[in-house]
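Data first, discussion second: the structure below is written as C-alpha cells.
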Amino acid sequence: MGSRIPFITVEGPIGVGKTSLAKAISEQFEFALLKEIVDENPFLGKFYTNIDEWSFQTEMFFLCNRYKQLEDINENYLQRNQPVVADYHIFKNLIFAERTLKTQQFQKYLQIYEILTADMPVPNVVIYLHASLDTLLERIKMRGRDIEKGIDPAYLSQLSLDYEQSMAKFEKSHPNIPVIRFNGDKLDFVQNKQDLEQILSKIEDTILEKGVRQNEFA
C-alpha cells in the first residue's frame with residue numbers, strides 16, 4: 001500500500017460527520033489531525049445561495065488551500081514518519097467542481113488540479129461515511145453553522161449520489177487502497193460510544209492488516 005506510515009482520510013457528503021470521526025481517530029491513535037479549511041472560504045456562503053455565480057471562486061479557494069495543507073502535512077509529518085488522519089481527501093474537489101462548474105471552467109480547473117496534485121501524498125486508508133438525506137439535513141441543522149443554512153436539499157441529495165459514484169470509481173482505480181464504509185443512518189459515533197468503538201476497531205484492524213508497524217499506534 002505504498003508508505004507504511006498511516007495516512008487516513010475520512011470522506012463523505014456535507015453533514016455526515018467527517019471532522020468528528022477524524023478527531024476521534026486522532027485522539028484514539030495519537031495521529032496528527034488535518035482539518036480542511038471551510039469557514040475561512042469567503043465565497044462559501046454566497047455559493048450556497050447562488051451556485052452558478054460563485055462556484056469557480058469557491059472551488060479554486062478550496063483547491064489552493066487543500067494543496068497547501070497537504071504540502072505542509074507531507075513535509076512536517078509524513079516525511080518524518082508521523083501518522084496523519086485528515087477529514088477530507090483532495091479528490092473531493094473534483095466531485096464538487098464537476099457538479100457545479102460549467103464545462104469550460106471545469107476543464108481549466110482539472111488542468112490546475114492535476115498539476116497541483118501530481119506529487120502529493122496519497123492516503124493508504126480511506127474511510128467513507130454515507131447517510132440518507134434526512135440524516136444529513138438533521139445533522140447540518142444540529143451543528144447550526146450559519147454558512148450552511150442556505151444549502152438546497154436537492155443539491156445535497158445530488159452530492160450524495162456523486163459521492164457514491166466517485167467512491168466506486170476510486171475503488172476501481174486504487175485497488176490497493178482499502179475503503180472502509182460506514183452507514184451514518186445505522187451508526188451514530190458522536191452520541192453512541194459503542195458505535196464509535198466499533199468503527200475504531202475496524203479501522204485499527206484494517207491498518208494492521210496492511211502492514212503498518214504496530215508501535216505506530218502507541
Side-chain angles (χ1 to χ4, degrees), residues 8-26 33-67 69-70 85-101 105-106 109 113 123 126-170 179-192 195-196 199:
I8 302 172
T9 59
V10 183
E11 261 303 348
I14 300 167
V16 78
K18 298 182 293 294
T19 302
S20 296
L21 182 55
K23 286 181 179 178
I25 294 169
S26 172
L33 175 63
L34 173 61
K35 292 173 58 180
E36 69 172 329
I37 298 172
V38 176
D39 295 340
E40 295 179 20
N41 190 328
F43 307 107
L44 191 57
K46 298 175 182 178
F47 168 81
Y48 284 144
T49 57
N50 191 335
I51 292 175
D52 289 340
E53 180 70 20
W54 295 101
S55 58
F56 190 76
Q57 297 93 324
T58 301
E59 299 305 337
M60 284 304 303
F61 181 94
F62 277 134
L63 177 58
C64 291
N65 276 273
R66 289 166 183 159
Y67 165 75
Q69 284 186 300
L70 279 177
V85 57
D87 67 355
Y88 70 92
H89 186 311
I90 199 167
F91 88 89
K92 77 182 298 177
N93 287 65
L94 297 182
I95 298 175
F96 285 81
E98 189 169 11
R99 171 57 51 189
T100 59
L101 297 181
Q105 288 179 325
F106 181 69
Y109 181 92
Y113 173 90
V126 174
I127 299 166
Y128 175 46
L129 304 177
H130 57 96
S132 66
L133 179 61
D134 287 344
T135 296
L136 297 178
L137 289 172
E138 179 62 27
R139 290 181 181 174
I140 289 172
K141 181 180 179 181
M142 286 178 62
R143 69 187 184 187
R145 291 180 182 171
D146 288 339
I147 204 169
E148 294 176 343
K149 289 182 178 179
I151 292 180
D152 184 349
Y155 168 76
L156 190 57
S157 178
Q158 183 60 59
L159 180 63
S160 294
L161 293 176
D162 292 342
Y163 257 105
E164 285 290 336
Q165 294 173 1
S166 295
M167 290 307 306
K169 291 179 182 178
F170 180 88
V179 175
I180 312 173
R181 294 170 176 258
F182 294 111
N183 188 334
D185 294 332
K186 298 179 179 179
L187 297 170
D188 186 350
F189 51 85
V190 174
Q191 301 295 332
N192 190 320
D195 286 352
L196 177 59
I199 290 172

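None of the values given here were measured: they were computed from a predicted structure. Hydrogens, waters and symmetry mates play no part in the numbers below; they use all other heavy atoms, side chains included.
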Taking C-beta and beyond as the side chain, do [X] and [Y] meet within less than 4.5 Å on heavy atoms?
X	Y	value
T58	M60	no
L129	F189	yes
F61	L44	no
L33	V85	yes
L159	I95	yes
Y109	L94	yes
V190	L196	no

Whether F96 and Y163 hold their rings parallel, tilted or perpendicular, with breakpoints at 30° and 60°: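 Because their plane-to-plane angle is over 60°, the rings of F96 and Y163 count as perpendicular.
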Residues which pass salt bridge (charged side-chain N to carboxylate O under 4.0 Å, His left out) with [X], listed by chain and number, not counting sequence neighbours:
X	result
R139	none
E138	none
R145	E148

Testing the basics here: between [X] and [Y], what is the closest heavy-atom pair and its distance to 0.1 Å?
X	Y	result
P153	L137	CB-CD1, 4.2 Å
D188	D195	N-OD2, 2.9 Å
Y113	I90	CE1-O, 3.6 Å
Q105	F56	NE2-CB, 3.8 Å
S55	L101	OG-CD2, 3.5 Å
S160	L136	OG-CD1, 3.4 Å

Donor + acceptor pair across side chains of Y88, Q69 (<3.5 Å):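 Checked: Y88/Q69 side chains pair up, N/O donor to acceptor below 3.5 Å.
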Any donor-acceptor N or O pair under 3.5 Å, side chains D152, Y48: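 Result is no, nothing qualifies.
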Name the atoms and distances for all side-chain donor-acceptor pairs under 3.5 Å in residues 13-23, with sequence neighbours left out.
| residue | atom | partner | partner atom | Å |
| --- | --- | --- | --- | --- |
| K18 | NZ | G12 | O | 3.0 |
| K18 | NZ | P13 | O | 3.1 |
| T19 | OG1 | D87 | OD2 | 2.7 |

Candidate pair E36 and R66, rule salt bridge (Lys or Arg N to Asp or Glu O under 4.0 Å), full reasoning: CA-CA 7 Å; E36 69 172 329; R66 289 166 183 159; 2.6 Å; yes
Residues in ring pair (Phe, Tyr, Trp, His ring centres under 6.0 Å) contact with F91, at least two apart in sequence or another chain: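 F91 satisfies ring pair (Phe, Tyr, Trp, His ring centres under 6.0 Å) with H89, F170 only.
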To the nearest 0.5 Å, how far apart are [atom1] in [X] and [atom2] in [Y]?
X	Y	atom1	atom2	answer
N93	Y67	CG	OH	13.5 Å
K92	T9	NZ	OG1	10.5 Å
L187	N192	CG	CG	8.5 Å

Evaluation steps, side-chain contact (heavy atoms from CB on, under 4.5 Å), between E53 and K46: CA-CA 8 Å; E53 180 70 20; K46 298 175 182 178; over 6 Å; no
Qualifying residue, where the test is side-chain hydrogen bond (donor to acceptor under 3.5 Å, both in side chains) with Y128 and the options are E11, E164, R181: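 For Y128, the side-chain hydrogen bond (donor to acceptor under 3.5 Å, both in side chains) check succeeds only for E164.
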Intermediate values then yes/no, side-chain contact (heavy atoms from CB on, under 4.5 Å), I140 and M142: CA-CA 5 Å; I140 289 172; M142 286 178 62; over 6 Å; no
CA sep, side-chain torsions, deciding dist, call: F106, T100, side-chain contact (heavy atoms from CB on, under 4.5 Å): CA-CA 9 Å; F106 181 69; T100 59; over 6 Å; no
Sequence-distant partners of S132, side-chain hydrogen bond (donor to acceptor under 3.5 Å, both in side chains), two or more places apart: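 Expected list: T135, D185.
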